[in-house]
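Letters A, B, ... mirror the listed sequences (proteins, then strands); counts begin at 1. Model, not experiment: these values are computed from the prediction.
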Number of protein chains: 2
Amino acid sequence: MASKDNSVNIKEALPKSARSYHHGDLRAAVISAGLKRLGEGDARELGLRALARDVGVSATALYRHFPDKEALLDALAEEGLRRLGALQAQAWLKAGGGRAGFKATGIAYVRFAHDEPALFRLSFTRQMPERKGEEGDGGEVAYNLLRAGVGEVFPAESVDAAALHAWALVHGLAMLILDRRVAWDEAMVARVVGLTFGGVD
Amino acid sequence: MASKDNSVNIKEALPKSARSYHHGDLRAAVISAGLKRLGEGDARELGLRALARDVGVSATALYRHFPDKEALLDALAEEGLRRLGALQAQAWLKAGGGRAGFKATGIAYVRFAHDEPALFRLSFTRQMPERKGEEGDGGEVAYNLLRAGVGEVFPAESVDAAALHAWALVHGLAMLILDRRVAWDEAMVARVVGLTFGGVD
DNA sequence: CCATCATGTTTCCACTGTAAACATAGTGAG
DNA sequence: CTCACTATGTTTACAGTGGAAACATGATGG
């Protein structure tokens, strides 16, 4: 139960702390390094070796913590979803909930994609590992907020369709911006999101 | 002008025809092979070598026709956009234009993504090569249809915002389906698209 | 007929993910 | 305390990748 806990500490891979064999919680360190690398521009091809070098460990050491590279990327993706959820929750609160709050979560979604393009892309451009059913996957916060928001804004209509509509809108906007199909322009984003999410500015 | 013409002939790489040195228009053959491979499931990592083998030529031969792998992928992506545009145009006509036609183009967009996931992803998940300004890029048909449709459905509102809204909606829907965030369900897609695109069933 | 050039082949290299064998460092039982 | 055990990390090795360089060949135009 409590053994498979993720949720990275951004504490720079605590040099000497709790469960520390040789390195001191490598798993967290390598994820942290991966996030940093994704944050900078040199995203594409974050190689397994480069990542290991960042952390000061030899490449194959990572295989003690992840079965393969895909698993490592999955972990990074999960952390991305968690951060997205946190930003949305924050936006919702700051706007005081309701219609305005819902719109704010939508804008936060797109802004996150713009601010962390590599992380966002990694988080979503990845075949879902077919949920077992339980086990939080980091995207939960975002999804619950979505449902709640939809419930408030479209109380009468089909929640399923409306929720999917809202999600697809912001996700498409984010993707089109990431792939340079449309230029980043926050005012424009706000207007477009407003068309569906309603609410005042 | 007429020298850089793409637009692949699907004629199985015409064995003996016009400009045929050793192979007989390899460029077209390799693109065709790439599309086939994308069409089947074995999409991920369509390797340069495997592609060359498909076509019966040795790997480095491809470099006579494409500066590097990226360029090859760009060509495939362009063909994908062309096909998408064609399907949308067809859907528009069959529905008789107008609101219903516009909605049909939206549904066609998502259906294309579902039917050709690898090709769709490749076509869009690729940094735009910063248009020179002229030079059709295959996505033109789709974009023009979008503007025209928006003009008919939202004559009063801001065309820019409405067009972006419509595009983002279908694109997001497509992406979420591709990445298994939501299940493919044509009826649901039609309903969601209808929320924005309006029009009868 | 031959020089040229477009096309294709061979060979090679740096780099990648990862398997296998080995090394080491903490831990718990006797 | 000691010693086997296990979790962690290192070295080495290998197949596969995209791509450069040198060489081969076949069409073509003077």
Peer 1: Which atom pairs, one a donor and one an acceptor, fall under 3.5 Å between side chains of residues 163-171 of chain A and the rest of the protein, sequence neighbours left out?
Peer 2:
from	atom 1	to	atom 2	distance (Å)
A/H165	NE2	B/T196	OG1	2.5
A/W167	NE1	A/Y109	OH	3.1
A/H171	ND1	A/Y109	OH	2.8

Peer 1: With the sugar-phosphate defined as primed atoms, P, OP1 and OP2, and the base as all remaining atoms, what B/S/- string results for nucleotides 15-22 of chain D, 5' to 3', for protein heavy atoms under 4.0 Å?
Peer 2: --BBBB-B
Peer 1: Nearest whole Å is fine: how far is C/dT9 P from B/L26 CG?
Peer 2: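 Roughly 8 Å, once rounded to whole Å.
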Peer 1: Counting only side-chain nitrogens and oxygens, does B/H65 get under 4.0 Å of the OP1 or OP2 atom of C/dA6?
Peer 2: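 Result: no.
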Peer 1: Minimum heavy-atom separation for B/A33 to B/L51, with atom names?
Peer 2: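 Taking every non-hydrogen atom into account, C-CD1, 4.0 Å.
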Peer 1: Any side-chain to backbone donor/acceptor pair from A/S123 onto A/L119? Under 3.5 Å, distance only.
Peer 2: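 Yes; judged by distance alone, with no hydrogens or angles, the pair exists.
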Peer 1: Would you name the heavy atoms of B/A104 and B/A95 that are closest together and state the gap between them?
Peer 2: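 That closest heavy-atom pairing would be CB-CB, 3.9 Å.
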Peer 1: Do you know the tightest heavy-atom contact between A/W92 and A/G149?
Peer 2: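 Closest approach of A/W92 to A/G149: CZ3-CA, 4.2 Å.
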